[in-house]
Structures are given as C-alpha cells and as structure tokens.
Amino acid sequence: MGERVAVVSGAARGIGAAIAKRLASDGLRVGVLDLDADACADTVAAITEAGGQAIALGADVSNEESVAAAIHHLDSTLGAPTVVVNNAGVLRDNLLFKMSVDDWDTVMNVHLRGAFLLTRATQKYMVEQKWGRVVMMSSTSAVGNRGQVNYSAAKAGLQGFTKTLALELGKYGVTANAIAPGFIVTDMTAATAARVGVSFEDFQKAAAAEIPVRRVGTPADIAHTASYLVSDGAGFVSGQVIYVAGGPKD
Ligand SMILES: NC(=O)c1ccc[n+]([C@@H]2O[C@H](COP(=O)([O-])OP(=O)(O)OC[C@H]3O[C@@H](n4cnc5c(N)ncnc54)[C@H](O)[C@@H]3O)[C@@H](O)[C@H]2O)c1
C-alpha cells in the first residue's frame, strides 16, 4: 500500500480531514482537497508531522477545470491517484416550499456533479493500474429527512452512482462503495444546531438518545470504515452502502 495515492475531497476539516489522516497513517500518500488550499494546511501538517506524505489541493469539486488541474498536480507530485474519497459536501436545508433553485442547484453541484467530476478525473489511473477504490459519502438522509429534499436526493443519487460504478469498473479491479453516516460531530452538525437555535451540546444529547448505541458518531468512526473499504482485503466488497449510524437505518 505504500506506493498508493489517495485524494480526499472536503478534507480541510471534519470527516474528510479524519479520513485523510487515517489513510496517511495506513501508508497512503494523500491529496488533501478542499475549496481553499490554505484551509488544507492543518490536515497536511498533521499528516507530515506524523511521518506521512500529503499535499494541499485547492479546488472546487463542482468545477471541471478546477478538478482536472488538481488531479494533474497530484499526479505530477505524489503520483497517480487510485483511491478517491468523494466527501465534499454542503447543506442548504429548507422545506420544499421555501427552497430556492439556488439551494437545490448548489447541493446537486457539490455532491453529485462533484463526485462525477472527481471520479471521472481519477478513474483512468485506476483502470491503467487495474486497481482502485472509490468511496462516496452518502448519508442516512438518503432514506428521507425533513427539510432536506435537495440533500436527500443527492445522497440517494450517490448510492445509485456507486452501484453503477461498481458494475462498470469491477473488471479493472476497482471497487466502489458508499458510506452513509448518521449523526457525526462536525462543523456541519454544529451549524445545523445553530440554525435551529439549540446549543450543540443539547443537540448532540437529543440525537444520542435516538441512536441505538446511545452516542453520536465521530469523524474517526467514518475514517475507520473508509480505511477498511480502501484496504486490499476489501477487494470483494463492491457496490455496497454501509450505514455507519450506531444502528440500522436503511
Ligand atoms: N456530519 C454529519 O453528521 C454527516 C452525516 C452524513 C453525511 N455527512 C457527509 O459527510 C461529508 C463531510 O461532512 P462534514 O460533516 O465533515 O462537513 P464539513 O462542513 O465539516 O466539511 C465539509 C468540507 O467540504 C468542503 N467543501 C464544500 N464544498 C466544496 C466544494 N465545492 N469543493 C471542495 N470542497 C468543498 C468544505 O470546505 C468543508 O471543508 C459531507 O458530504 C456530508 O454531507 C455528514
């Protein structure tokens, strides 16, 4: 695994940062991709200080040229990426009757168009090497969540994308799987607590009470699952959606 190169989108913070650090400690070199390269500095520093290799990639996953430039840069510095984790995400929650076209488009563009562009840009390296791992970040919201018609549609869409990719690329030694996290403590859930006017602590307590294992999730919970899915040993696991939510959700 030492020679392998991964790219993780939305890796400046939260779940993406935890995945980038975990994959680096597993021995992969990591392209830490987020909107602003400077924002990736902490993740890159944590990896290099721990003895790993990483570079910051500033790119908007919904922009074709921006993605192409980032992947070209990664290929010419750390090497050809054969692991892609499509984790970049945004929320624009609202009930349908109040949802703007902009809020719909933004969520579709970051999650679906972003995963399409980044996966398309990296698949050729995987096909060439006859080995690859694609991980999509879905969500328990894919099965429906009030106030999230845009987000739940995008997250369900990513599950269909994953299954189709598994069918198309399996013969090249490439697996594609999705992780569907439940409540994970990050800036994203903190922002939701702030939006609904509840302290983040109370918000977490209320969420934990509804979760079978009686706790909320951490970015490390998701990083552990991503580490498994990209490992050599998981080569016969493909087209799956793993709900990492402290209980059954689908
Ligand atoms: N936190 C949760 O409870 C939870 C649950 C289920 C799924 N998820 C999903 O996990 C992923 C990570 O979530 P998080 O909680 O760490 O969120 P976060 O908001 O803390 O981090 C998301 C990162 O994505 C980056 N990003 C946003 N738009 C981008 C773009 N166009 N191009 C490149 N980077 C972009 C942001 O800058 C940010 O660094 C998201 O896809 C989210 O939908 C989160």
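Start at 1 and go down the list; that is how both ligands and their atoms are numbered.
By the 3.5 Å distance cut-off applied to N or O atoms, Asp34 is counted among the residues near ligand 1. Close N/O approach between Ser139 and ligand 1 is not found [any backbone or side-chain N/O within under 3.5 Å]. Polar contact with ligand 1: present for Ile184 (N/O pair, distance under 3.5 Å).
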Worksheet item: After noting the C-alpha distance and the side-chain angles of Val90 and Thr106, does the key distance pass the side chain to side chain contact (heavy atoms under 4.5 Å, CB included) rule?
Response: CA-CA 8 Å; Val90 291; Thr106 299; 4.1 Å; yes
Discussion item. Go through it in stages, so that I can follow the logic: the residues are Asp232 and Arg4, the test is salt bridge (Lys or Arg N to Asp or Glu O under 4.0 Å), and I'd like the CA-CA distance, side-chain angles, deciding distance and then a yes or no.
Written reply: CA-CA 11 Å; Asp232 264 325; Arg4 287 185 178 141; 3.1 Å; yes
Item to complete: Please report the C-alpha distance between Ser9 and Asp34 in whole Å, then the side-chain angles of each, then the deciding distance to 0.1 Å, and finally whether the side chain to side chain donor-acceptor pair (under 3.5 Å) criterion is met.
Response: CA-CA 6 Å; Ser9 70; Asp34 212 291; over 6 Å; no
Worksheet entry | Test salt bridge (Lys or Arg N to Asp or Glu O under 4.0 Å) applied to Glu49 and Lys21, step by step | CA-CA 11 Å; Glu49 278 159 25; Lys21 289 184 232 176; over 6 Å; no
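At a threshold of 4.5 Å between side-chain heavy atoms, the hydrophobic network of Ile, Leu, Val, Met, Phe, Trp and Tyr places Val8 and Trp131 in one connected group.
Closest heavy-atom approach to atom 11 (C) of ligand 1 within the set Asn87, Val85, Ile15: this belongs to Asn87. The heavy atom nearest to atom 30 (C) of ligand 1, out of those in Thr189, Leu35, Asn63, is found in Leu35. Nearest to atom 27 (C) of ligand 1 by heavy atom, out of Ala180, Gly89, Gly114, Ala17, is Gly89.
Not a single donor-acceptor pair under 3.5 Å links the side chain of Asn145 to the backbone N or O of Gln148. The main-chain N or O of Ala11 is found under 3.5 Å from a side-chain atom of Thr43 such that the two form a donor-acceptor pair. No donor-acceptor pair under 3.5 Å is formed between the side chain of Ser141 and the backbone N or O of Gly144. In this structure, Arg215 contributes its side chain and Ala208 its backbone to no donor-acceptor pair below 3.5 Å.
The shell of residues lying under 4.0 angstrom from ligand 1, judged by heavy atoms, excludes Pro219. Residue contact check for ligand 1: Gly182 places a non-hydrogen atom closer than 4.0 Å to it.
Scanning the protein for heavy atoms near atom 24 (O) of ligand 1, the closest one is Gly10 CA, 3.4 Å. The shortest contact between atom 8 (N) of ligand 1 and any protein heavy atom is with Tyr151 OH, 3.5 Å. Protein heavy atom nearest atom 19 (O) of ligand 1, with residue, atom name and distance: Arg13 NH2, 2.7 Å. Among all non-hydrogen protein atoms, the one lying nearest atom 32 (N) of ligand 1 is Val61 N, 3.0 Å. Among protein heavy atoms, atom 33 (C) of ligand 1 sits closest to Ala59 O, 3.3 Å. Scanning the protein for heavy atoms near atom 31 (N) of ligand 1, the closest one is Asp60 OD1, 2.9 Å. For atom 14 (P) of ligand 1, the nearest protein heavy atom (residue, atom name, distance) is Thr186 OG1, 3.7 Å. If you check which protein heavy atom lies closest to atom 6 (C) of ligand 1, you get Pro181 O, 3.3 Å.
The ligand atoms of ligand 1 that sit less than 4.0 angstrom from a heavy atom of Val90 are 27 (C), 28 (N). Listed by number with element, the atoms of ligand 1 under 4.0 Å from a non-hydrogen atom of Met137 are 9 (C), 10 (O), 11 (C). Short contacts between ligand 1 and Gly14, defined as distances under 4.0 Å to a heavy atom of the residue, involve ligand atoms 16 (O). Shown in contact with His111 at under 4.0 Å from a heavy atom are these atoms of ligand 1, numbered in order with element: 41 (O), 43 (O).
Around OH of Tyr172, the count of heavy atoms belonging to other residues, nucleotides or ligands within 6.0 Å does not exceed 12.
Residues Val216 and Ile184 form no side-chain contact, since every pair of their non-hydrogen atoms from C-beta on lies 4.5 Å or further apart. The side-chain heavy atoms of Asn94 and Asn150, taken from C-beta on, include no pair separated by under 4.5 Å.
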